[in-house]
Amino acid sequence: MEAAMRVAEVVKSFRETRLSGLRPPSEFFDWTRISRPADMNQATSRISYNTRYFSGNYLLIVALLAVYAILTNWLLIISLLFLVGGFAAINKFAPEATQFGEHTITQKHLYTGLFVIGIPMFWLASPVSTMFWLVGASGFLILGHASFLEPGVESDYAAIQENV
């Protein structure tokens with residue numbers, strides 16, 4: 001019960017801090033403000049401003065890409081479920097040693113068997129390449145959007161407020 005309350009508090013604080021900063025889709029996909037930056041300085045300043053201004057939207061993009069990456073890699077899902085489920089089952093159903101014929105099976109033996117099967121299965125699911133795909137795809141989308149979208153009028157006022 002206490003763990004559920006902690007999870008609810010984390011979700012609530014996440015919603016208040018990150019998701020409250022989501023900009024509306026009409027502003028995020030404003031096609032009239034898209035233009036090619038004149039030079040690298042302009043692209044850098046656009047990226048700097050837009051990554052702060054649209055940080056909630058970019059976080060949502062990364063989260064959606066992560067869900068897509070996991071859902072399209074079935075072996076990764078199965079291996080994660082096997083490892084997490086096996087760990088939970090060993091903790092719940094076998095907290096003490098069990099006599100099986102002449103052999104005594106301890107939690108250490110069960111964990112060893114779980115990891116001997118689960119770690120190679122997890123490695124075959126290629127989590128490293130999935131992570132690199134996630135970093136590359138989200139970086140491409142975020143940097144592309146941030147560099148091609150002109151900052152709005154409010155960016156001029158933000159610079160004035162920083163100087164005051």
Side-chain angles (χ1 to χ4, degrees), residues 2-31 33-37 39-95 107-152 155 158:
E2 188 176 313
M5 291 179 69
R6 273 191 255 146
V7 169
E9 289 175 16
V10 168
V11 169
K12 183 179 177 185
S13 69
F14 177 76
R15 187 175 27 175
E16 289 172 355
T17 57
R18 289 294 184 181
L19 295 183
S20 65
L22 279 176
R23 305 294 177 192
S26 60
E27 187 176 355
F28 189 70
F29 296 112
D30 188 3
W31 303 111
R33 293 181 14 206
I34 291 180
S35 69
R36 192 173 69 104
D39 57 5
M40 195 62 174
N41 290 332
Q42 186 180 30
T44 304
S45 67
R46 285 183 183 184
I47 290 170
S48 175
Y49 176 77
N50 285 333
T51 52
R52 284 192 312 266
Y53 189 72
F54 291 113
S55 64
N57 297 69
Y58 293 147
L59 183 67
L60 185 63
I61 287 172
V62 172
L64 290 173
L65 285 173
V67 168
Y68 172 78
I70 290 173
L71 289 178
T72 56
N73 190 346
W74 284 99
L75 188 56
L76 183 61
I77 293 172
I78 292 168
S79 63
L80 285 173
L81 288 175
F82 179 78
L83 285 169
V84 172
F87 186 77
I90 290 171
N91 282 336
K92 184 174 183 176
F93 298 119
Q107 268 191 339
K108 183 178 179 181
H109 293 116
L110 294 174
Y111 284 130
T112 302
L114 176 69
F115 291 135
V116 163
I117 296 169
I119 296 297
M121 191 167 82
F122 183 70
W123 185 256
L124 288 174
S126 63
V128 175
S129 67
T130 302
M131 184 60 76
F132 278 122
W133 178 87
L134 179 62
V135 168
S138 59
F140 177 78
L141 288 174
I142 291 169
L143 291 176
H145 180 270
S147 64
F148 283 103
L149 189 69
E150 293 177 4
S155 69

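If you're wondering where the values come from, they're calculated on a predicted model, not measured in any experiment. Worth knowing before you read on, the calculation uses all heavy atoms, side chains too, and leaves out hydrogens, waters and symmetry mates. Numbers here simply count residues along the sequence, with the first being 1.
Summarising the geometry, atom CG belonging to L75 is positioned 6.0 Å from atom CD1 belonging to I78; distances are rounded to the nearest 0.5 Å. For the atom pair CG of L110 and CZ of F115, the computed distance is 11.0 Å after rounding to the nearest 0.5 Å. Remark: L141 CG to Y58 OH distance equals 10.0 Å, nearest 0.5 Å. Here the CG atom belonging to L114 is positioned 8.5 Å from the OH atom belonging to Y111, to the nearest 0.5 angstrom. If you take OG on S147 and CD1 on I142, they are separated by 12.0 Å, rounding to the nearest 0.5 Å. Atom OG1 of T112 sits about 11.0 Å away from atom CD1 of I117, to the nearest 0.5 Å.
Side-chain contact between M121 and L83 is absent, with no heavy atoms from C-beta onward closer than 4.5 Å. A heavy-atom distance below 4.5 Å is not found between the side chains of S35 and F148. The side-chain heavy atoms of Q107 and N91, taken from C-beta on, include a pair separated by under 4.5 Å. E27 has its side chain within reach of R33: a pair of non-hydrogen atoms, C-beta onward, lies under 4.5 Å apart. The shortest side-chain heavy-atom distance between L134 and Y68 does not fall under the 4.5 Å cut-off.
By the side chain to side chain contact (heavy atoms under 4.5 Å, CB included) test, L64 is found to be paired with L60, residues two or more places apart in sequence or in another chain being considered. Residues passing the ring-ring contact (aromatic ring centres under 6.0 Å, His included) test with F122: none are found, sequence neighbours excluded.
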Residues L149, F28; criterion side-chain contact (heavy atoms from CB on, under 4.5 Å); working and verdict: CA-CA 9 Å; L149 189 69; F28 189 70; 5.8 Å; no

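In this structure, R36 and R46 approach most closely via the heavy-atom pair C-NH1, 4.0 Å. Pairing each heavy atom of R52 with each of S48, the nearest pair is NH1-OG, 3.1 Å. Residues P127 and L76 approach most closely at CB-CD1, 4.2 Å, considering heavy atoms. Here the closest heavy-atom approach between residue A125 and residue T130 is recorded as O-OG1, 4.4 Å.
Side-chain N or O atoms of H145 include none that pairs as donor or acceptor with a backbone N or O of N50 at under 3.5 Å. Using a distance-only test at 3.5 Å, with no hydrogens or angles considered, no donor-acceptor pair links the side chain of R23 to the main chain of N57.
Around CZ of F132, the count of heavy atoms belonging to other residues, nucleotides or ligands within 6.0 Å does not exceed 12.
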